[in-house]
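Here is the naming used below: chain letters follow the sequence lines, and residue numbers restart at 1 for every chain. The figures that follow rest on heavy atoms only: side chains count, while hydrogens, waters and symmetry mates do not.
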Amino acid sequence: DAGITQSPRYKITETGRQVTLMCHQTWSHSYMFWYRQDLGHGLRLIYYSAAADITDKGEVPDGYVVSRSKTENFPLTLESATRSQTSVYFCAAVRDRNTGELFFGEGSRLTVL
Amino acid sequence: AQTVTQSQPEMSVQEAETVTLSCTYDTSESDYYLFWYKQPPSRQMILVIRQEAYKQQNATENRFSVNFQKAAKSFSLKISDSQLGDAAMYFCAYKWDTGTASKLTFGTGTRLQVTL
């Protein structure tokens, strides 16, 4: 079930440029998350959202901005990309509110030159 | 802060053999959930197994089972009859609740190689 769609899957950009990673869910789950995956760090939480218009910082929010005007969309913006933001980014939604189990998108690989 | 530690960056197992991946975590909570996720080369994150802390019985899903030691805060994953398709990164995760949301904290992962 392809419930979460991320785009683009691959992106190369330059330092200082603005980049937006899109995340769309076909369900209406309330909770959505953005993680970044880096070797040696596992997955680290950037931002999360409990519902439309409700967002909060995670573990590594600096340099990122999120919005959630509609329940199904949760874009992540790098306002001025830096090389340290080269990473794989995962969007996720809570699949089961009792257990907190997450369902992930396929990831977006971002390279900042 | 809740932390999850996977002390084995890489593991290797022969096909049809059994392998155990280690995970420890830190929490002051009494009820919580733990998960193992698999990430094959396709990059997709796939849930392997979950365990609720108040359930003493270890979770099992086909060839995958856990050894949950609550007092020791240990949550290891055992893969029996390993198959080539089991080769992947495996992440241990702990679910914790803030005032506004439930969040998962992940370990750094263990890369599992399966050899013939």
Return the CG to OG1 distance between A/Leu43 and B/Thr108, rounded to the nearest 0.5 Å. 11.0 Å
Considering residues, nucleotides and ligands other than A/Leu39, do more than 12 of their heavy atoms fall under 6.0 Å from its CG? no
Could you tell me which portion of B/Leu47 (side chain, backbone, both or neither) has an atom closer than 4.5 angstrom to a non-hydrogen atom of chain A? side chain
Relative to chain A, which of B/Arg50, B/Lys95, B/Gln6, B/Arg43 shows the most heavy atom pairs under 4.5 Å? B/Arg43
For atom CZ of B/Arg63, decide whether the heavy atoms of other residues, nucleotides or ligands shown that lie under 6.0 angstrom number more than 12. yes
Members of residues 81-88 of chain A whose heavy atoms come closer than 4.5 Å to chain B: A/Val88
Using a 6.0 Å cut-off, check whether atom CD of B/Glu15 has over 12 heavy atoms from anything other than its own residue. yes
Answer whether the closest heavy-atom distance between the side chains of B/Leu104 and A/Tyr35 falls below 4.5 Å. yes
For A/Ile54, does the CD1 atom sit with more than 12 other heavy atoms under 6.0 Å from it, leaving out its own atoms? yes
Are B/Tyr25 and B/Tyr54 linked, directly or through other ILVMFWY residues, by side chains that come within less than 4.5 angstrom of each other? no
Name the region of B/Tyr37, side chain, backbone, both or neither, that has any atom closer than 4.5 Å to a heavy atom of chain A. side chain
Might you confirm whether atom CG of B/Asn62 has over 12 heavy atoms from other residues, nucleotides or ligands at distances under 6.0 Å? no
Quick check: are there more than 12 heavy atoms from other residues, nucleotides or ligands sitting under 6.0 Å from NZ of B/Lys73? yes
Nearest 0.5 Å, please: how far is OG1 in A/Thr99 from OH in B/Tyr32? 15.5 Å
Identify whether B/Leu84 and B/Val19 are in the same connected component of the hydrophobic contact network (ILVMFWY, side-chain heavy atoms under 4.5 Å). yes
Give the member of B/Met89, B/Glu52, B/Gln39, B/Lys103 that has the highest number of heavy-atom pairs under 4.5 Å with chain A. B/Lys103
Nearest-0.5 Å distance, CZ of residue A/Phe33 to OG of residue B/Ser102: 7.0 Å
How is the hydrophobic cluster of A/Leu76 composed, in terms of its other members, when Ile, Leu, Val, Met, Phe, Trp and Tyr link through side-chain heavy atoms under 4.5 Å apart, directly or indirectly? A/Val19, A/Leu21, A/Met32, A/Trp34, A/Ile46, A/Tyr47, A/Val60, A/Tyr64, A/Val66, A/Phe74, A/Leu78, A/Tyr89, A/Leu110, A/Val112
Quick check on A/Arg44 against chain B: is it the side chain, the backbone, both or neither that has a heavy atom closer than 4.5 Å? neither
Check whether any side-chain N or O of A/Glu101 sits under 3.5 Å from a backbone N or O of B/Tyr33 as a donor-acceptor pair, and report yes or no. no
Roughly how far, to the nearest 0.5 Å, is CD of A/Glu59 from CZ of B/Phe106? 11.5 Å
